[in-house]
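What follows is a single structure, written as structure tokens, with notes after it.
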Amino acid sequence: MAGSPDLREVLSGPVEEVAPRLLGAVLRHGPVALRLTEVEAYGGTSDPGSHAYRGPTPRTRVMFGPPGHLYCYLSHGIHTCANVSAGPDGHASAVLLRAGEVVDGVEAARARRGAVRDHLLARGPGNLCRALGIRLDHDGVDLVDGEVTLCLGDPVPAFDRGPRTGLRQAADHPWRFWLPGDPTVSPYRRHKSAAP
DNA sequence: AACAAGATTAACT
DNA sequence: GTTAATCTTGTTT
């Protein structure tokens with residue numbers, strides 16, 4: 001079986017409840033597997049920080065679709081970032097995968113990332129995609145039985161939450177979730193010109 | 001058809 | 001702490 005049977009059911013809840021549930025889950029693409037340590041929730045037309053804020057567009061179509069699919073986009077012309085669509089079909093929301101610990105295929109991940117410490121292999125959304133080999137064309141992949149899969153674990157015993165990284169809009173919305181003290185969690189950076 | 005901005009990263013002062 | 005790299009998307013002529 002590729003993925004937990006109840007993955008889609010769990011993901012169909014409110015995105016701010018789904019996001020922390022993804023901590024500790026295992027994301028796999030080919031030989032490389034990752035245990036998620038840091039995520040951010042983006043949701044609906046009431047979240048100014050979300051790509052879907054101004055309604056559906058060709059790029060954000062996956063966010064408006066059923067839960068359990070990969071939403072990939074290119075950031076700053078260089079970096080691919082991956083999200084998991086959440087919420088019921090038609091409700092735009094997704095969880096950005098920001099960091100993880102490589103638990104399988106470490107050699108393949110090292111080959112893609114070059115000479116960095118192991119805990120940095122998948123730290124930061126762009127680096128996570130590089131380590132895992134996720135590209136823009138993985139947009140829309142079904143995480144239950146697609147090329148990239150997600151397996152939920154037991155809910156983590158504890159997590160921290162705080163404002164999301166690098167946003168200009170809604171910079172203080174506390175929808176970033178991470179495992180306390182985990183070395184693979186990326187450092188918080190506020191956007192240059194975020195509103196005070 | 002053209003333009004400005006961006007859920008980032010790495011390199012540099 | 002600051003900045004360049006690089007290109008897609010959404011918005012505006």
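Nothing here was measured: the structure is a model prediction, and the numbers come from that model. We name chains A, B, ... by the order of the sequence lines, and we start the count at 1 in each one.
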Report task. Apply salt bridge (Lys or Arg N to Asp or Glu O under 4.0 Å) to A:Arg123 and list each qualifying residue two or more places apart in sequence or on a separate chain. Result ->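 Result, salt bridge (Lys or Arg N to Asp or Glu O under 4.0 Å) vs A:Arg123: none returned.
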Residues at least two apart in sequence or cross-chain that pass salt bridge (Lys or Arg N to Asp or Glu O under 4.0 Å) with A:Arg168, listed by chain then number, are none
By side chain to side chain contact (heavy atoms under 4.5 Å, CB included), A:Arg161 pairs with (sequence neighbours left out) A:Pro174, A:Trp175, A:Phe177
Applying side chain to side chain contact (heavy atoms under 4.5 Å, CB included) to A:Asn127 and not counting sequence neighbours gives A:Arg113, A:Arg130
Item to check | Selection: residues 134-142 of chain A, any non-hydrogen atom under 4.0 Å of DNA chain B | outcome: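 Within residues 134-142 of chain A, no residue comes under 4.0 Å of DNA chain B.
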Ordered by number, residues from residues 24-41 of chain A within less than 4.0 Å of DNA chain B (heavy atoms) are none
Given protein heavy atoms under 4.0 Å, the one-letter contact record of nucleotides 8-13 of chain B, with B base, S sugar-phosphate only and - none, is simply BSS---
Taking N or O atoms only and anything under 3.5 Å, show me the protein contacts with nucleotides 2-5 of chain B, one pair per line.
unit_1, atom_1, unit_2, atom_2, d
B:dA5, O3', A:Arg168, NH2, 3.2

Residue pairs passing the salt bridge (charged side-chain N to carboxylate O under 4.0 Å, His left out) test with at least one member in residues 56-77 of chain A, sequence neighbours excluded, are A:Arg61-A:Asp139
I need the full list of salt bridge (charged side-chain N to carboxylate O under 4.0 Å, His left out) pairs touching residues 15-33 of chain A, with sequence neighbours left out, sorted by first then second residue.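 Sorted pair list: A:Arg28-A:Asp104.
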Taking Watson-Crick and G-U wobble contacts under 3.5 angstrom, with | marking pairs to another strand and [ ] crossing pairs, the secondary structure of DNA chain C is written |||||.||||||.
- Where chain A begins and ends its contact with DNA chain C, read 5' to 3' at 4.0 Å from heavy atoms: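 The contacted stretch runs from C:dT3 to C:dT11.
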Margin query: Using a strict threshold of under 4.0 Å (side-chain N to carboxylate O), is an ion pair present between A:Asp172 and A:Arg190?
Written below: yes
